[in-house]
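Written out below as structure tokens is the structure these notes cover.
Small disclaimer: the values here were computed from a predicted structure and weren't measured. Naming: A, B, ... by sequence-line order, numbering from 1 per chain.
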Number of protein chains: 4
Amino acid sequence: MPDKEKNQLAGEFPFVPQQVRAQQKRHALIESGRCLFIKNGYSQTTAKDIAANAGVAIGTFYRYFSDKRQLLRSLFEEQLEMLIPPEPSWVHGDPEILLAALLEKHYKRLDEIGIHRVLPELLPKDPELSEILIEARRKLHSKFLSSLRQIEEMGLTWKDLDLDTVAWTVLMIVENGPQKTEYSDNEINYAEIAKVICRIVFPPEILVRLQNKEG
Amino acid sequence: MPDKEKNQLAGEFPFVPQQVRAQQKRHALIESGRCLFIKNGYSQTTAKDIAANAGVAIGTFYRYFSDKRQLLRSLFEEQLEMLIPPEPSWVHGDPEILLAALLEKHYKRLDEIGIHRVLPELLPKDPELSEILIEARRKLHSKFLSSLRQIEEMGLTWKDLDLDTVAWTVLMIVENGPQKTEYSDNEINYAEIAKVICRIVFPPEILVRLQNKEG
Amino acid sequence: MPDKEKNQLAGEFPFVPQQVRAQQKRHALIESGRCLFIKNGYSQTTAKDIAANAGVAIGTFYRYFSDKRQLLRSLFEEQLEMLIPPEPSWVHGDPEILLAALLEKHYKRLDEIGIHRVLPELLPKDPELSEILIEARRKLHSKFLSSLRQIEEMGLTWKDLDLDTVAWTVLMIVENGPQKTEYSDNEINYAEIAKVICRIVFPPEILVRLQNKEG
Amino acid sequence: MPDKEKNQLAGEFPFVPQQVRAQQKRHALIESGRCLFIKNGYSQTTAKDIAANAGVAIGTFYRYFSDKRQLLRSLFEEQLEMLIPPEPSWVHGDPEILLAALLEKHYKRLDEIGIHRVLPELLPKDPELSEILIEARRKLHSKFLSSLRQIEEMGLTWKDLDLDTVAWTVLMIVENGPQKTEYSDNEINYAEIAKVICRIVFPPEILVRLQNKEG
DNA sequence: CATGAATGAGACTTCATTCAT
DNA sequence: TATGAATGAAGTCTCATTCAT
């Protein structure tokens with residue numbers, strides 16, 4: 001079941017150090033776990049499944065991970081930053097266009113990775129994970145908020161909206177978008193969502209100005 | 001464990017019908033399930049836990065439900081409509097105030113019931129349940145959309161936003177609000193959220209007009 | 001669920017004494033047990049099934065029988081003699097015809113009653129029952145043997161066969177016949193079996209004599 | 001619990017292949033099942049019993065068998081042919097002696113194996129098994145019948161008996177013998193049974209001829 | 001007496017984890 | 001180091017039996 005590499009060139013030295021192999025195996029396991037968690041859910045997936053799917057024996061699984069949960073944590077650590085929506089730069093181009101592009105990229109990436117789908121199942125089971133996630137969210141919110149504050153100081157935002165709430169709303173949209181596209185029969189339209197977000201952030205006349213400046 | 005009723009009318013006939021007791025027990029089980037699902041997650045909760053928590057034997061659980069999943073379904077059927085956000089009436093009062101009140105009521109109710117928290121865990125496991133939920137969401141989206149179309153015809157909405165997307169955005173906010181309050185250290189502020197929603201729906205001058213008309 | 005009798009003539013006195021009713025219920029239960037045991041096997045049949053099939057509540061079952069096994073014993077006690085093959089009278093008519101008639105009657109009766117089919121399942125579980133059965137068989141064997149001895153003294157049997165073994169063989173045929181008819185595609189033929197039995201018991205010339213005497 | 005082999009050849013390589021051990025454990029389970037089924041009956045025996053009796057944990061049982069029934073099937077597949085009575089060769093020696101020897105060997109083997117005792121309990125529960133058995137019986141009957149037909153053509157059988165019924169009768173005796181020895185207090189006497197069978201098959205004068213020819 | 005809800009022991013089965021090879 | 005057989009705790013579910021109504 002092992003032995004799939006090391007036959008690429010003739011005469012090869014024992015050039016692939018064991019740590020690399022080990023890392024590869026570890027990775028194969030994580031990847032296998034990711035697929036199965038997404039496909040069948042976390043608790044529906046057994047350690048044996050993960051090992052089999054990675055092409056190793058169950059014993060090997062336990063050599064690399066203390067248990068299923070730890071594999072999951074590793075999965076997260078590896079990919080957490082992929083989950084984090086990028087912070088938009090509001091003033092270096094047409095915000096609507098920038099946002100639409102960012103949204104599309106982010107949603108697509110989330111869908112590729114897919115782990116966000118198992119999160120809800122896990123939070124009650126794993127307070128530590130939960131902690132990590134909440135922390136990540138809090139940071140994200142701070143970053144959003146401070147970037148909004150910057151453009152507020154430039155007088156670009158609505159005067160009558162609470163920026164904290166604006167940041168929260170935008171995050172809500174950005175985070176939950178891809179899971180909740182079954183509402184309408186229409187395809188999700190990134191440009192339209194971008195418009196809505198811009199409306200929450202900028203008064204229309206400001207937006208026009210920004211669009212003209214850079215367009 | 002038994003003995004909780006039989007004090008309804010004077011005379012004390014042997015009249016407490018069996019069905020009443022049975023229904024009460026069934027209810028105790030559902031309630032017990034609800035609590036434990038919310039507290040520990042669905043797959044973390046065993047049938048035995050639910051029975052014990054309801055103060056009955058495991059056999060009793062299986063008298064009323066074929067299994068854990070069926071209990072969950074019953075729970076849903078009983079409370080699905082409680083989960084559905086109410087449809088706001090946009091033009092019979094200050095929309096911001098109306099919305100804030102609705103939001104507060106809805107969020108509080110969701111938090112009391114709490115099942116929405118297990119939903120994401122369940123959807124991959126129970127396609128039937130998933131179906132029900134998606135359907136409910138679709139209907140809700142339609143209702144929102146058509147109510148927005150009405151006020152659009154009255155010329156009250158932004159001309160440049162796609163109403164379908166607006167409806168989607170509002171639902172996103174309304175549905176996910178209570179779960180995601182860990183972002184900021186501030187308390188969730190219904191009035192501010194209401195303002196943001198109103199901004200997405202109404203141009204400011206329209207909103208002012210609506211507020212003055214009824215205020 | 002009860003109340004099915006006592007409406008036969010007008011003005012009727014409370015004339016059906018309880019014991020009769022009780023006996024009827026008891027009987028209904030035994031009968032119900034018999035059917036279900038035969039259809040589904042003993043251990044496949046639950047006390048609840050038996051009660052339901054008899055149209056009474058499970059509590060009633062336990063009023064009449066201490067448990068399933070006791071019901072079975074009662075069933076046996078009631079019907080044991082029906083299971084016992086009749087002892088043929090060898091010399092009062094054509095033995096082949098007499099035997100064929102007896103066999104047919106016996107096999108048919110066994111099939112109607114049907115309990116012989118659950119016996120094998122029960123013997124390991126219920127040594128007491130087992131005891132009863134072995135005893136019944138032993139008696140039957142004795143009866144057969146002594147009846148064979150009588151005709152032996154009249155010089156009607158083979159001289160070179162051990163009568164004990166002859167009796168054993170005949171019982172083997174008589175007892176197992178109806179269960180083992182799947183061997184051949186042909187219908188079971190009582191007359192032919194009777195002939196075989198007669199061949200074991202009587203030398204042909206004796207048989208002819210007996211047939212002529214009475215025919 | 002482990003350690004029972006590894007002494008086959010000198011040198012003691014780490015050469016006992018896992019499959020051998022596994023097969024041994026599988027066998028231990030089957031054997032354990034056989035004993036318990038015979039002693040306590042099929043439905044009285046639990047998977048746990050079987051595992052414990054084989055000296056392994058319950059999980060090990062389920063590694064080798066999907067459930068109790070499957071173990072039983074394996075047991076059958078392994079030993080079905082042992083259950084099948086051998087076909088006698090009627091004319092190559094004194095039939096009585098040959099038969100007595102065959103009967104003794106067959107009965108003893110049946111008693112050693114013992115599974116025939118659980119058969120009757122199983123047939124109603126397991127139609128598939130039932131099918132296998134009926135088929136085996138039908139084949140056996142055919143074989144018997146055709147061997148009888150052969151000696152019939154040689155003029156060695158009774159003219160007035162139906163060979164189909166003769167075959168059926170012989171099988172009845174051969175199959176049920178060992179279970180039903182409780183009839184009489186005497187030991188079962190193979191020679192006497194053989195005599196009875198011969199009487200059903202051969203007219204006495206033919207038998208004498210056969211005995212003299214080869215004796 | 002009849003009822004059937006309630007009980008809980010115990011059977012069945014899965015799976016995370018260990019450990020000898 | 002890799003393997004996978006073995007383990008047994010823990011969950012699911014059934015059913016004989018009791019007992020309040």
Side-chain angles (χ1 to χ4, degrees), chain A residues 1-3 18 21-22 25 43-52 55-69, chain B residues 1-3 6 13-19 21-22 25-26 43-49 51 55-69, chain C residues 1-3 18 21-22 25 43-52 55-69, chain D residues 1-3 6 13-19 21-22 25-26 43-49 51 55-69:
Chain A
M1 228 151 293
D3 293 350
Q18 298 200 329
R21 295 182 127 223
K25 234 162 230 190
S43 59
Q44 245 60 14
T45 303
T46 73
K48 205 171 184 177
D49 292 341
I50 297 173
V56 300
I58 180 63
T60 306
F61 178 99
Y62 283 94
R63 172 156 296 283
Y64 290 102
F65 303 97
S66 66
D67 58 14
K68 213 170 49 156
R69 183 176 300 193
Chain B
M1 229 149 298
D3 290 353
K6 117 166 122 185
F13 294 31
F15 204 67
V16 188
Q18 297 177 333
Q19 296 184 348
R21 300 189 125 218
K25 219 149 248 191
R26 205 187 115 97
S43 60
Q44 239 52 15
T45 303
T46 73
K48 209 170 185 176
D49 293 342
V56 301
I58 181 65
T60 305
F61 178 98
Y62 286 97
R63 159 166 282 282
Y64 291 105
F65 304 98
S66 65
D67 57 14
K68 213 170 51 159
R69 184 178 294 197
Chain C
M1 226 153 295
D3 293 350
Q18 299 200 328
R21 295 182 127 224
K25 233 162 231 189
S43 58
Q44 246 60 14
T45 303
T46 73
K48 205 172 185 178
D49 292 342
I50 298 173
V56 300
I58 179 63
T60 307
F61 178 98
Y62 283 94
R63 171 156 298 282
Y64 290 102
F65 304 96
S66 65
D67 57 15
K68 211 168 51 155
R69 184 176 299 194
Chain D
M1 227 151 299
D3 292 350
K6 115 167 124 184
F13 294 31
F15 204 67
V16 188
Q18 297 178 333
Q19 295 184 348
R21 300 189 126 220
K25 219 149 247 192
R26 203 186 117 97
S43 59
Q44 240 52 15
T45 303
T46 73
K48 206 172 186 174
D49 293 341
V56 300
I58 180 64
T60 305
F61 178 97
Y62 285 99
R63 156 166 284 283
Y64 292 105
F65 304 98
S66 66
D67 56 14
K68 214 172 46 161
R69 183 177 296 195

Considering only side-chain heavy atoms of [X], which listed nucleotide, [options], is closest?
| X | options | answer |
| --- | --- | --- |
| A47(D) | dC12(E), dA2(F), dA16(F) | dC12(E) |
| T46(B) | dT7(E), dA16(F), dG11(F) | dG11(F) |
| A57(D) | dA5(E), dC15(F), dG8(F) | dG8(F) |

What's the spacing between T46(A) OG1 and I58(A) CD1 if we round to 0.5 Å?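 Taking OG1 in T46(A) and CD1 in I58(A), the distance rounds to 7.0 Å.
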Rounded to the nearest 0.5 Å, what separates atom CZ in R63(B) from atom CZ in R26(B)?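 Output value for this atom pair is 13.0 Å.
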If you pin G59(B) and F61(A) to their nearest nucleotides in DNA chain F, which one's is more 5'?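 Result of the comparison: F61(A).
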Starting at [atom1] of [X] and ending at [atom2] of [N], how long is that distance when rounded to a whole Å?
| X | N | atom1 | atom2 | value |
| --- | --- | --- | --- | --- |
| R26(D) | dA6(F) | CZ | C1' | 17 Å |
| R69(C) | dC15(F) | CZ | P | 17 Å |
| K68(B) | dG11(F) | NZ | P | 10 Å |
| F65(C) | dA2(E) | CZ | P | 12 Å |

Does [X] have a side-chain nitrogen or oxygen under 4.0 Å from the phosphate oxygens OP1 or OP2 of [N]?
| X | N | value |
| --- | --- | --- |
| T60(D) | dT7(F) | yes |
| Y62(B) | dA6(E) | no |
| R63(B) | dA5(E) | yes |
| K25(A) | dA2(F) | yes |

Any side-chain heavy-atom pair of I50(C) and F61(C) under 4.5 Å: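 Yes. Closest side-chain heavy atoms under 4.5 Å.
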DNA chain E: 5'-proximal contact among K48(A) and Y64(B) (nearest heavy atom):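 Looking at DNA chain E, the more 5' nearest nucleotide goes with Y64(B).
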Which residue lies toward the 5' end of DNA chain E, I58(B) or I58(D), if each is placed at its nearest nucleotide?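 Between the two, 5'-proximity favours I58(B).
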Nucleotide-level pairing of DNA chain E, given in dot-bracket where Watson-Crick and G-U pairs need both distances under 3.5 Å and | marks other strands: .||||||||||||||||||||
I need the minimum non-hydrogen distance between A51(B) and A57(B), along with the two atoms involved.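 Taking every non-hydrogen atom into account, CB-O, 3.8 Å.
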Not counting sequence neighbours, which residues clear ring pair (Phe, Tyr, Trp, His ring centres under 6.0 Å) with Y64(C)? List them please.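 For Y64(C) there are no ring pair (Phe, Tyr, Trp, His ring centres under 6.0 Å) partners, ignoring immediate neighbours.
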Check: K68(C) side chain, T45(C) main-chain N or O, donor-acceptor pair, under 3.5 Å: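 Yes, the answer is positive, given that a donor and an acceptor are paired below the 3.5 Å cut-off.
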